[in-house]
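This report refers to the structure that appears directly beneath it.
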Amino acid sequence: MSEGTRHQYGLTVSAFLGGISFTIMAFLIEMSVDNEFHYPIIDSIPNFMELSELVIAGLAASGTFFIVSSIGMIPVASGRIGELSPLARCAYTCMLVGFYILCGVIALLLLPFSTAGAVAVAIISVVVIVLYSVLYGKFEE
């Protein structure tokens, strides 16, 4: 598989997840302006940042990392720079950081509906992240 082909898949995923993150963030900001998006159980805890604001900030950070990753992957996917260049490594790192943040935000979004579901998603996310970190690059074609 050529260098550009590998990054084309990453570019597609990164652009899609970045667009979805920003769209959901804009929707939640609109809901929070109308006081419809709040976590009453956690928002009542004194001296604790509102979870709704934390979710919006997480989506903003995740979307930003995905968009930066997309911008960095364009020259690699087109074959103008090498796959092992610092820009390519930075682009993949930004995509992974955005994905890790998005996994945490998904768990936070589930929290008001099901605590057990949020914990299960958090545990699955950590297991996937650890497995990916351990197995990355072990099975090259």
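Hydrogens, waters and symmetry mates play no part in the numbers below; they use all other heavy atoms, side chains included. The structure presented is a predicted model; accordingly, all values stated were derived computationally and were not measured. Nothing fancy with the numbering, it's 1 onward along the sequence.
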Taking every non-hydrogen atom, the tightest pair across [X] and [Y]:
X: Pro75; Y: Leu87; answer: CG-CD2, 3.9 Å
X: Ile101; Y: Gly58; answer: CG2-O, 3.3 Å
X: Val68; Y: Cys94; answer: CG1-SG, 3.9 Å
X: Ala118; Y: Ala107; answer: CB-O, 3.3 Å
X: Ser62; Y: Leu102; answer: OG-CB, 3.6 Å
X: Phe66; Y: Phe99; answer: CZ-N, 3.4 Å

Pairwise distance SG(Cys90) to CD1(Ile71) - rounded to 0.5 angstrom: 11.0 Å

Gap between atom CD1 of Ile106 and atom CG of Leu59 - 0.5 Å precision: 9.0 Å

ILVMFWY cluster, Ile123 and Val128 together (side-chain gap under 4.5 Å):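 They do not share one cluster, since no chain of ILVMFWY contacts under 4.5 Å joins Ile123 to Val128.
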
Cluster overlap Ile124 with Val119, hydrophobic side-chain contacts below 4.5 Å: no

Tyr92 backbone acceptor or donor facing Ser69 side chain under 3.5 Å: no

Derivation of the side-chain contact (heavy atoms from CB on, under 4.5 Å) call for Met95 and Phe65: CA-CA 6 Å; Met95 185 175 75; Phe65 277 109; over 6 Å; no

